Amino acid sequence: MAPPVTIESHLQRKLEYINEVIQNLGLESALNVFRLEIQDAGENPRTTRAGRIRRIIRNGDLVDGIADILDSPALKTQSAKTAIARDSILMDRVILPIVCTDFAAEIQALGKKITAPTNKITPEDLETFDIGALKDVIVSEAPHFFHVASHIARSGRNKDLDETTEEEEDTSMGEGSSGNGSESDPDYEPPSEEDEDEDDLLADGKEGKKKDRELMVIVALLILAMSYNKFANFLQCIVGYFFLTTGVPKRTTAVLSRMRITVSYETITRAVKRISDCLAREYRQCTKTELHVQTWDNMHRTYSVKKRLLHKSQHMSHETQPFILFMHPDSGLTEPLRMHTIDRTRATELNVHHFLLDYGHLKKVAAHHAFTVLWHKYTPDIQRILKAKNIPKPCFAPVYQLPIKKSCIYPLPTLKIDEGSIAGNLTVMNAIDKELGLNGDFYVDNNILQLTSGDWLTVRNTRKALCQRVECRSAADRREFVEPTIGPFHYQMAAQRCIMGNYWGSTKDISFLSKSAGLIRDNKVDITCKQFQQCDHLLNDIGKGHVLAYAIDFTGCHSIDEFGIWMKNNSWTKFWGMIEEIVERIFNPTLIQERRYEPGTTKKKKPGAPLALRDILMYQKLDACQKEGDVGRLEKVMKYFNVMFQGSNQFNYAKETIHLTACLELMPSWTFRESGSPQ
DNA sequence: GCTAGAGGGGTTATGCCTCG
DNA sequence: CGAGGCATAACCCCTCTAGC
């Protein structure tokens, strides 16, 4: 079939012809001829030919010669590759050593590129860590090995790796190592298909849980690289840092470091020290020029230490943990605040009308939250009735929404100071200034307003400390530049405590929170609200339950199933009317009174589910507007809790809410009181 | 029944050795 | 020559048990 070979034929055709001739002789490949010669030389060592071959092997020409043969265009044909791959002696004795030498060189070269000396590592290395970038390094430094490893892990199947023509070793290795991979071999195909099925199953069944074979290959290669060179520890360093920061026990790290999945524990601590030094330098630099908020809070720990006391007994340790907060670079808030942006004297204008509640707004928000509860339970039904009327899903328009950006937080070294006292607070402020390398004169000279933050105790003590200093001579000593502000999170905690205190009650009454907590066997929740998250979940769940209960009550249904049927057969007007009715009931004082007392008497009926629902809906709103960054709504809902705090024993919060209202509405030269969303 | 101390589990710091 | 890892000291905490 093929054209006859003549002297003018193309070189490729000539080589193919030689190949054909060798195969017709039953010798399979040119390399096989060479192998037979070596064998022959072994059997008849006294011949001159054997001596020549020994010399070739001794001089190292053999490897070069084989490599030349492998590089020859003749071996680009599939039949030649198959011939080599099938020749086990040739594979084991000749090709494998050549290939392995190349692979070792690749891995060593790779090792030089991924070092991360732990006393040179920087925070940027951690931030910019990207497994994709590591893969790029691997592909550029160890392309052949990566190719082979991908083949073994069968991660590169879908890519057209088989089309590559530049490396014969790999293709032959790949086929050779996966069981003489030719089409005729029956052992080869079935596992492949089975494997593929498993892959599909994984992809269908568990979304996002598919095996990341490429990642496995990358990690395997990086571990191999570390076996040559312990300094090739980039990935291991990152993993180790992750372990240390997530509280993995040292013994676990020790085990994994033996497998070179991480570096050793000592190395990790060195890296952590180095990183903390870097960060300290960074925040010291940034605090001089950028807007930042100094936050601190106290930590009480009980120590049971023998050595530090004469008698072994528990003692309380008071420590303070300061933080520095920077705004996100994109938020546009990087300039420090200046002194003239606030006018403290305007606080005297504070009047009772600043605390009047906007009931219309609160009702609207409550209706929205009640709607959300029903939406989550009856989404298809509500969607259907919305579609029938062709109206969009009601959503609450933000009042004044700030863009939510992640701020940058640096923890400062923990101070052995109790900030519970006024003097302690001053000490904390001085210690922070010392840590940052700033002093009072810096703020005064640059006309900078320094924000501090914390819980209400911190804020109160800071302010009292400032009051004590009012007689100092210089502005720097008076610390006039300090403006304490509160974090809404502590506000929410106080609101939670207040609600819990109001409705905790006894375990005997079904409408009290303690009964509900007991019913679901939630023993982490208590009246002190030590477990914020648990209490949060309980309040939200009870809020949902109350909304549903009200809805069932209003529609005259007797069970939740009946209400489900009602939801299927109603109109939008009836549905929304029901929600408005619920809100009206919980916000109307007359209706509440009627519910609370027996008609015409002062005898109390069962206490306040409507009030509890109202407070919980307001609490949910407080939570939601914090999450959405809606300062306008926050301001309105804070007034609701302000009134509540005034009647509670949360004295600090009662007082500070008033102060906060002045801070928000009167003192600054800017305002949050725009109507509607700024965008 | 109480208590001191042994002993084991665990963490952190540091000196020293090895190896790239 | 310096980074990484090992061995070890120092320390804390908890539990168990012998001895009173």
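Labels below follow one simple rule: chain letters A, B, ... track the order of the sequence lines, proteins then strands, and each chain is numbered from 1. Since we're looking at a predicted model, the values are computed, not measured.
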Atom pairs under 3.5 Å: protein N/O with N/O of nucleotides 6-8 of chain C:
unit_1 : atom_1 : unit_2   : atom_2 : d
C/dC6  : OP1    : A/Arg258 : NH1    : 2.3

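Judged as a salt bridge (charged side-chain N to carboxylate O under 4.0 Å, His left out), the pairs with a partner in residues 282-295 of chain A (not counting sequence neighbours) are, in order, A/Arg284-A/Glu435.
With rounding to whole Å, A/Ile268 atom CD1 is found 9 Å from C/dG5 atom P. Spacing between atom CG of A/Asn233 and atom C1' of B/dG20 amounts to 12 Å, rounded to whole angstrom units. Taking atom CZ of residue A/Phe234 and atom C1' of nucleotide C/dG4, one finds them 17 Å apart after rounding to whole Å.
For the residue pair A/Asp623/A/Gln492, the side-chain donor-acceptor check at 3.5 Å is satisfied.
Applying the side chain to side chain donor-acceptor pair (under 3.5 Å) test between A/Trp296 and each of A/Asn425, A/Asp455, A/Thr320 identifies A/Asn425 as the sole match. Shown are A/Ile223, A/Ile261, A/Thr267; of these, the side chain to side chain contact (heavy atoms under 4.5 Å, CB included) with A/Gln236 is made only by A/Ile223.
A perpendicular orientation is assigned to the rings of A/Tyr410 and A/Phe326, their planes being inclined by more than 60° (bins at 30° and 60°).
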